Amino acid sequence: MSFSEAEVQSARGAWEKIYVDAEDNGTTVLVRMFTEHPDTKSYFTHFKGMDSAEEMKQSDQVRGHGKKVFTAINDMVQHLDNSEAFLGIVNPLGKKHATQLKIDPKNFRIICDIILQLMEEKFGGDCKASFEKVTNEICTHLNNVYKEAAAPAQRGTSSSL
């Protein structure tokens, strides 16, 4: 991970704008993900019965999970200048999503792209541009952790002739 001091400050400034309203913005991101990519809802058994965007926006469970996602990203953003601390947050999160939750890693990119869209809509292209490298780092590291976590399982299922 290599962020210059200027990139760190710019990314943190962009993130602060959207994180100020973490619950509402996190909810917006999840509702968009569930409506634009309905297959993502299958990972959340307690969200499956919610069909309308309005119903999802009002759900305490969706709102709570949206805030949880934003809080995790906020923790990462606070450690952009410390690779060890950043990875200390990303690695367990990636491992949990790979091994326990069995989330398709393509969904990391989906949610990051929606966050970037929302940033651009609310605060303009400069805000989005300031945060793109962060989302790329998050997705790259989550995908790497996912591959590492899945590798032992794949080695264990291979048969020799």
Side-chain angles (χ1 to χ4, degrees), residues 1-19 22-23 25-48 56 61-120 127-160:
M1 218 173 64
S2 59
F3 286 96
S4 69
E5 185 58 35
E7 288 173 324
V8 169
Q9 294 311 315
S10 181
R12 285 182 180 157
W15 178 251
E16 285 171 11
K17 291 178 181 179
I18 201 163
Y19 188 67
E23 186 174 318
N25 287 326
T27 300
T28 297
V29 167
L30 287 185
V31 170
R32 281 190 191 181
M33 183 175 73
F34 294 149
T35 55
E36 295 172 10
H37 305 273
D39 57 307
T40 59
K41 232 180 10 171
S42 67
Y43 294 104
F44 300 88
T45 55
H46 46 288
F47 297 170
K48 281 183 186 172
M56 287 183 249
Q61 291 173 316
V62 173
R63 294 186 71 74
H65 194 72
K67 187 171 184 182
K68 187 176 185 178
V69 168
F70 267 50
T71 299
I73 294 171
N74 188 62
D75 291 345
M76 293 176 212
V77 169
Q78 299 314 309
H79 295 94
L80 292 175
D81 50 1
N82 181 336
S83 291
E84 190 175 320
F86 179 86
L87 293 174
I89 296 162
V90 173
N91 289 346
L93 190 67
K95 189 171 183 181
K96 180 179 181 178
H97 279 77
T99 59
Q100 292 175 21
L101 304 173
K102 307 219 185 298
I103 304 293
D104 188 324
K106 72 176 179 158
N107 294 318
F108 303 139
R109 184 77 260 163
I110 289 171
I111 203 163
C112 283
D113 286 347
I114 294 169
I115 289 169
L116 291 172
Q117 288 168 2
L118 186 62
M119 287 178 129
E120 185 172 30
C127 184
K128 175 187 174 190
S130 295
F131 206 68
E132 277 183 300
K133 187 172 179 181
V134 175
T135 61
N136 290 339
E137 284 292 326
I138 291 170
C139 289
T140 296
H141 288 289
L142 286 172
N143 281 317
N144 288 343
V145 172
Y146 197 98
K147 287 176 195 167
E148 289 171 19
Q154 288 172 349
R155 283 194 297 271
T157 59
S158 64
S159 60
S160 55

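All values reported here derive from a predicted model rather than from experimental measurement. Numbering of residues begins at 1 and proceeds along the displayed sequence.
- There is a side-chain donor-acceptor pair under 3.5 Å between Asn74 and Gln78.
- Contact of the Lys106 side chain with the Asp39 side chain is registered, since non-hydrogen atoms from C-beta on lie closer than 4.5 Å.
- With respect to Val145, the side chain to side chain contact (heavy atoms under 4.5 Å, CB included) criterion is satisfied by exactly one of Asn91, Leu93, Leu87: Asn91.
- Taking the six-membered ring for Trp and thresholds of 30 and 60 degrees, Trp15 and Phe131 have nearly parallel ring planes, at less than 30 degrees apart.
- By the 30° and 60° cut-offs, the orientation of the rings of His46 relative to Phe44 is perpendicular.
- Note: Thr140 OG1 to Arg109 CZ = 8.0 Å, rounded to the nearest 0.5 Å.
- Distance check: Ile111 CD1 to His37 NE2 gives 10.5 Å after rounding to the nearest 0.5 Å.
- When all heavy atoms of Tyr146 and Lys102 are compared, the closest pair comes out as OH-C, 4.2 Å.
- Atom NZ of Lys67 sits in a sparse spot, with 12 or fewer heavy atoms from other residues, nucleotides or ligands closer than 6.0 Å.
- The minimum heavy-atom distance between Ala14 and Met119, with the atom names listed, is O-CE, 3.5 Å.
- Remark: Lys133 NZ is packed, more than 12 non-hydrogen atoms of other residues, nucleotides or ligands lying under 6.0 Å away.
- A distance-only check finds no donor-acceptor pair linking the side chain of Asn82 to the backbone of His79 [under 3.5 Å].
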In sequence, state the C-alpha distance, the side-chain angles, and the governing distance for Glu137 and Met76, and then conclude on side chain to side chain contact (heavy atoms under 4.5 Å, CB included). CA-CA 10 Å; Glu137 284 292 326; Met76 293 176 212; over 6 Å; no

Verdict with supporting geometry, Ile138 and Phe86, side chain to side chain contact (heavy atoms under 4.5 Å, CB included): CA-CA 9 Å; Ile138 291 170; Phe86 179 86; 4.0 Å; yes

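- Considering CD1 of Ile114 and OG1 of Thr135, their distance stands at 12.0 Å, rounded to 0.5 Å.
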Would you please test Tyr43 and Leu101 for side chain to side chain contact (heavy atoms under 4.5 Å, CB included) and show each step? CA-CA 8 Å; Tyr43 294 104; Leu101 304 173; over 6 Å; no

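- The distance from the OG1 atom of Thr28 to the CZ atom of Arg63 is 8.0 Å, given to the nearest 0.5 Å.
- Side-chain contact of Arg12 with Ser130: a donor-acceptor pair under 3.5 Å is absent, judged by distance alone.
- Rounding to the nearest 0.5 angstrom, the gap separating the CG atom in Leu80 from the OG atom in Ser2 is 11.5 Å.
- Using a 4.5 Å heavy-atom threshold, the side chains of His65 and Gln61 count as separate.
- Under a 3.5 Å cut-off, the side chain of Tyr19 and the backbone N or O of Ile73 do not form any donor-acceptor pair.
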Under the criterion side chain to side chain contact (heavy atoms under 4.5 Å, CB included), I'd like the reasoning laid out for Phe70 against Val29: C-alpha separation, chi angles, the key distance, then a yes or no. CA-CA 10 Å; Phe70 267 50; Val29 167; 4.0 Å; yes

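- How far CD1 of Ile103 is from NZ of Lys96: 10.0 Å, rounded to the nearest 0.5 Å.
- Listed for the Ser10 side chain is no donor-acceptor partner under 3.5 Å among the backbone atoms of Ala6.
- Using a 4.5 Å cut-off on side-chain heavy atoms (C-beta onward), His97 and Leu142 make no contact.
- Of all heavy-atom pairs between Ala72 and Ile89, the closest is O-CG2, 4.3 Å.
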